[in-house]
Each structure stands twice: as C-alpha cells, then as structure tokens.
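First the structure, in the form of structure tokens, and then the observations on it.
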Amino acid sequence: MSGIRISARINGEQWAGQVEPRLLLSDFLRSEVGLTGTHVGCEHGVCGACTVLLDREPVRACLMFAVQIDGHEVTTVEGLAAAMPGEAISVEQLHPIQRAFHEAHALQCGFCTPGILMTAQAFLRENPAPSRDEIREAVSGHLCRCTGYHNIVEGVALAAERLAADGEGEP
Ligand code: FES
Ligand code: FES
C-alpha cells in the first residue's frame with residue numbers, strides 16, 4: 001500500500017503505521033484500528049454519529065482524513081470506559097456520563113449515542129453545571145431518530161450532577 005506514516009495516541013495507546021492519504025478518520029478508526037464504536041451515518045458532517053475527541057475537542061471523524069491525526073491524541077467512545085477491547089464490561093465500569101445515560105434512558109437504538117457521549121464529555125469539561133437550554137444547544141449538532149431528545153438532555157444533566165456530587169473528577 002502506498003501510504004503515509006503517521007503516529008498518534010488513540011485511547012491512551014500509541015498507534016503507528018501507514019495510512020492512505022485519502023482514508024477518512026472514521027473509516028480508519030473502524031477498519032484499521034477496530035474501534036467500531038465510532039458510528040458512520042451521513043458521512044458528510046451532519047448527523048454527529050462519528051464524533052470523536054481530537055486533543056480533547058469534538059470533531060466529525062467523517063470530515064477528517066486519518067493522516068491529520070499524526071502527532072495528536074484521539075479519544076473514541078471505547079476510551080471512556082475501563083475495559084480492554086472485546087472484554088465484557090459491567091455498568092459500574094462505565095464512565096459516569098455513560099452510567100447517567102443508562103439511568104436516564106437517554107438511548108434507544110444507540111446509533112447516535114457514542115457521538116453524543118463524546119460531545120457531552122467535552123461540553124461538561126467546559127461547563128460542569130449547565131442549564132437545560134445550554135445542554136440542548138450542546139447536543140444540537142447530533143441527530144437522533146429514536147429518543148425525541150428529551151432523555152438525552154436529562155442524561156447530560158444527570159451526568160453533570162453525578163460528576164459534581166461524586167467528585168468523580170474531570171469528565
Ligand atoms: Fe460524520 Fe454523520 S457520519 S457527521
Ligand atoms: Fe437511536 Fe439516537 S437512540 S438514533
């Protein structure tokens with residue numbers, strides 16, 4: 001394969017290898033790294049399903065090339081919880097934001113959920129005590145065909161409460 005050598009930190013692990021210059025970050029994460037929690041919906045930046053953190057800021061992985069992560073740090077939804085890839089995980093091992101979504105019934109089919117969780121994590125780091133309107137604005141870049149959004153807003157609000165009350169630290 002004619003590729004470009006890159007190295008990046010992905011969910012805390014160093015990754016190095018060759019990638020094709022035109023390979024999208026979303027396809028790279030799913031097919032080259034095996035992180036299929038990053039979902040692909042619209043593939044043109046509208047739905048938010050592919051959202052990951054690049055240097056702790058949310059980005060649309062379908063709008064970036066994999067080569068652009070060279071020298072940077074990427075976090076996917078798999079990086080939120082404590083399990084190793086492929087390992088079974090209990091609710092207690094989930095990230096506080098994931099647990100809050102679970103408790104608030106903030107997902108149904110779950111297709112939109114990984115992207116929303118990544119946005120929520122970055123959002124709560126910037127704004128640890130948001131209003132419902134601020135949460136609505138924060139998740140407004142994500143399309144969900146199932147929930148009607150109400151419980152997603154409640155899930156983020158519950159996560160904020162838990163993080164503050166439990167002293168679970170930075171999201
Ligand atoms: Fe990237 Fe929809 S798949 S925004
Ligand atoms: Fe199904 Fe959001 S829970 S798309």
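Hydrogens, waters and symmetry mates play no part in the numbers below; they use all other heavy atoms, side chains included. Counting starts at 1 for both ligands and their atoms, in listed order. None of these values were measured; they are calculated from a predicted model.
- Of all the atoms in ligand 2, the ones that sit under 4.0 Å from a non-hydrogen atom of C146 are 1 (Fe), 3 (S), 4 (S).
- With 2.8 Å as the limit, C42 does not count as an N, O or S neighbour of atom 1 (Fe) of ligand 1.
- Shown in contact with G48 at under 4.0 Å from a heavy atom are these atoms of ligand 1, numbered in order with element: 2 (Fe), 4 (S).
- Within the 3.5 Å criterion, the main-chain N or O of Q18 finds no donor-acceptor partner in the side chain of R5.
- The shortest contact between atom 3 (S) of ligand 2 and any protein heavy atom is with Q108 N, 3.3 Å.
- Residue, atom and distance of the protein heavy atom nearest to atom 4 (S) of ligand 2 are R145 N, 3.4 Å.
- In this structure, L117 and Q98 have side chains that are in contact, with non-hydrogen atoms separated by less than 4.5 Å.
- A donor and an acceptor atom, one from each side chain of D55 and H72, are located under 3.5 Å apart.
- When each atom of ligand 1 is checked for a heavy atom of E43 under 4.0 Å away, the hits are 2 (Fe), 3 (S).
- Inclusion of C112 in the first shell of atom 2 (Fe) of ligand 2 is supported: an N, O or S atom falls under 2.8 Å.
- When every heavy atom of G155 is checked against every heavy atom of A100, the shortest pair comes out as O-CB, 3.5 Å.
- Distances from atom 2 (Fe) of ligand 1 show that C47 has an N/O/S atom below 2.8 Å.
- One of the N, O or S atoms belonging to C144 lies under 2.8 Å away from atom 2 (Fe) of ligand 2.
- A salt bridge links D133 with R136: the distance from a Lys NZ or Arg NE/NH1/NH2 to an Asp or Glu carboxylate oxygen falls below 4.0 Å.
- Note: the hydrophobic cluster containing L29 does not contain F111 (ILVMFWY, side chain heavy atoms under 4.5 Å, direct or indirect links).
- For atom 2 (Fe) of ligand 1, the set of nearby N, O or S atoms under 2.8 Å includes none belonging to C50.
- For the pair R162/R99, no side-chain contact is recorded, criterion being any heavy-atom separation below 4.5 Å from C-beta on.
- Shown in contact with G110 at under 4.0 Å from a heavy atom are these atoms of ligand 2, numbered in order with element: 1 (Fe), 3 (S).
- In V46, the part holding a heavy atom less than 4.0 Å from any atom of ligand 1 is the backbone.
- Salt-bridge formation is detected for the pair E154/R132: a Lys NZ or Arg NE/NH1/NH2 atom is positioned less than 4.0 Å from an Asp or Glu carboxylate oxygen.
- Side-chain atoms of T76 and N11 include a donor-acceptor pair closer than 3.5 Å.
- Under a 4.0 Å criterion applied to the non-hydrogen atoms of G45, ligand 1 contributes the atoms 4 (S).
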